[in-house]
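For reference, the structure discussed in these notes is given below.
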Protein chains: 2
Amino acid sequence: MGKIDKLDKQILEIISQNARIPFRDVAEQCGVSRAAIHQRVQRMIENDVITGSGYNVNPKVLGYATSAYIGVKLEKGSMYKNVIPEFEKIPEVTECHFTTGPYTLLIKLYARDNEHLMDLLNNRIQEIPGVVATETMISLSQSIKREVPIIKEA
Amino acid sequence: MGKIDKLDKQILEIISQNARIPFRDVAEQCGVSRAAIHQRVQRMIENDVITGSGYNVNPKVLGYATSAYIGVKLEKGSMYKNVIPEFEKIPEVTECHFTTGPYTLLIKLYARDNEHLMDLLNNRIQEIPGVVATETMISLSQSIKREVPIIKEA
DNA sequence: CGTGAAAAGGGTTCGAC
DNA sequence: GTCGAACCCTTTTCACG
């Protein structure tokens with residue numbers, strides 16, 4: 001895992017918000033040449049500083065009107081090894097965290113509507129061996145959505 | 001908000017996972033010309049089907065070893081209008097959802113370490129007028145992280 | 001590690017179907 | 001709405017500082 005300097009952070013701050021911006025513009029904002037930007041980005045990809053890229057798609061257009069977090073309690077915490085592969089099989093599940101606090105796992109999922117959400121809960125998630133209880137937190141509106149903060153310095 | 005057909009979905013499935021893939025390759029995989037891809041993508045950007053793009057940065061390299069979800073209970077649910085702007089001022093907060101269930105708000109944040117997390121909780125979040133209780137769910141490990149599922153059909 | 005310039009490749013536009 | 005081809009800008013490479 002590579003180290004990062006001020007210029008790298010400056011580059012990341014720009015391209016983390018816009019993957020299609022020409023390196024020409026990044027170079028101008030950073031006060032270096034295009035080639036330098038290219039070299040830096042390449043190195044950061046090799047060093048797993050940059051883990052990927054992508055376009056952001058509006059979930060509503062894809063037919064997903066509902067997103068929710070589900071707190072999952074397991075019979076025994078150690079059962080997560082068998083439970084997580086089951087969640088991976090459910091494409092609507094987009095995140096799964098092993099957490100401290102009231103739940104063993106906290107998962108995020110997308111559903112077309114409330115009926116679809118209920119189906120996922122009753123027929124998919126509750127059916128997984130080891131899952132003893134779930135608590136559903138439907139996101140009625142998401143007011144903040146941004147990237148990891150990049151603090152400018154060294 | 002625009003409508004989407006099978007070809008659009010196919011394009012989205014590819015570029016949502018890789019913003020830098022040449023349209024040439026997308027065109028080949030979809031069996032159409034480069035110009036068609038260009039036109040489709042352009043239209044989807046105009047119609048807010050595509051909401052942006054970006055590189056994914058490894059949080060650890062930026063000095064964030066800890067991420068957590070915080071369940072926030074408010075004195076009154078209606079206070080969220082005044083509370084959310086306060087969360088927006090905290091750059092470590094990257095998501096904020098108004099939710100059903102045990103909490104009024106569910107927020108996601110990044111912290112350098114446990115000390116930093118404690119500072120954010122005690123000196124920033126608990127200080128916000130209207131916040132009466134918080135419950136911290138530290139993500140000890142994230143096992144699933146993927147995009148909104150794109151189901152292939154019409 | 002950065003640079004400028006040349007080479008290679010992809011994005012964008014165009015007229016036509 | 002799609003196509004192929006031309007055009008132009010960007011990425012990428014390279015020898016040098």
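Proteins get letters first, then strands, A, B, ... in listed order; numbering begins at 1 in each. In what follows, every heavy atom counts, from backbone to side chain, and hydrogens, waters and symmetry copies are set aside.
Screening A:N58, A:V61, A:V57 against B:L12 for a side-chain contact (heavy atoms from CB on, under 4.5 Å) leaves a single residue, A:V57.
Distance, B:Q10 CD to D:dT2 P: 12 Å, rounded to whole Å. Rounded to a whole Å, the CZ atom of B:F23 is 20 Å from the P atom of D:dA5. The distance from atom CD1 of A:I21 to atom C1' of D:dC9 is 15 Å, rounded to the nearest whole Å. Atom P of nucleotide D:dT10 and atom CZ of B:R24 are separated by 20 Å, given to the nearest angstrom. As a whole-Å value, the separation of B:K6 NZ from D:dT2 P is 14 Å.
In the region residues 33-42 of chain A, proximity to DNA chain D at under 4.0 angstrom, judged on heavy atoms, holds for A:R34, A:A35, A:H38.
More than 12 heavy-atom neighbours from other residues, nucleotides or ligands sit within 6.0 angstrom of CZ on B:R146. More than 12 heavy-atom neighbours from other residues, nucleotides or ligands sit within 6.0 angstrom of CD on B:Q126. In this structure, A:R34 places its CZ atom where only 12 or fewer heavy-atom neighbours from other residues, nucleotides or ligands lie under 6.0 Å away. Other residues, nucleotides and ligands place no more than 12 heavy atoms under 6.0 Å from the CD atom of B:E75.
Nearest-nucleotide positions on DNA chain C place A:G31 closer to the 5' end than the other of A:G31 and A:R20.
Taking a 4.5 Å side-chain heavy-atom cut-off between Ile, Leu, Val, Met, Phe, Trp and Tyr, the cluster of A:Y103 extends to A:Y69, A:L106, A:M137, B:Y69, B:Y103, B:L106, B:M137.
In this structure, CD1 in B:I15 is found 5.5 Å from CE in B:M44, a value given to the nearest 0.5 Å. Put simply, CD on A:E92 and CG on A:D119 are 8.5 Å apart, with the number rounded to the nearest 0.5 Å.
No engagement by A:R43 is indicated, since no non-hydrogen atom pair under 4.0 Å with the nucleic acid exists.
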| task | Any chance you could encode DNA chain D as dot-bracket? Rule is Watson-Crick or G-U wobble with both distances under 3.5 Å; [ ] for pairs crossing earlier ones, | for another strand. | result | ||||||.|||.||||||
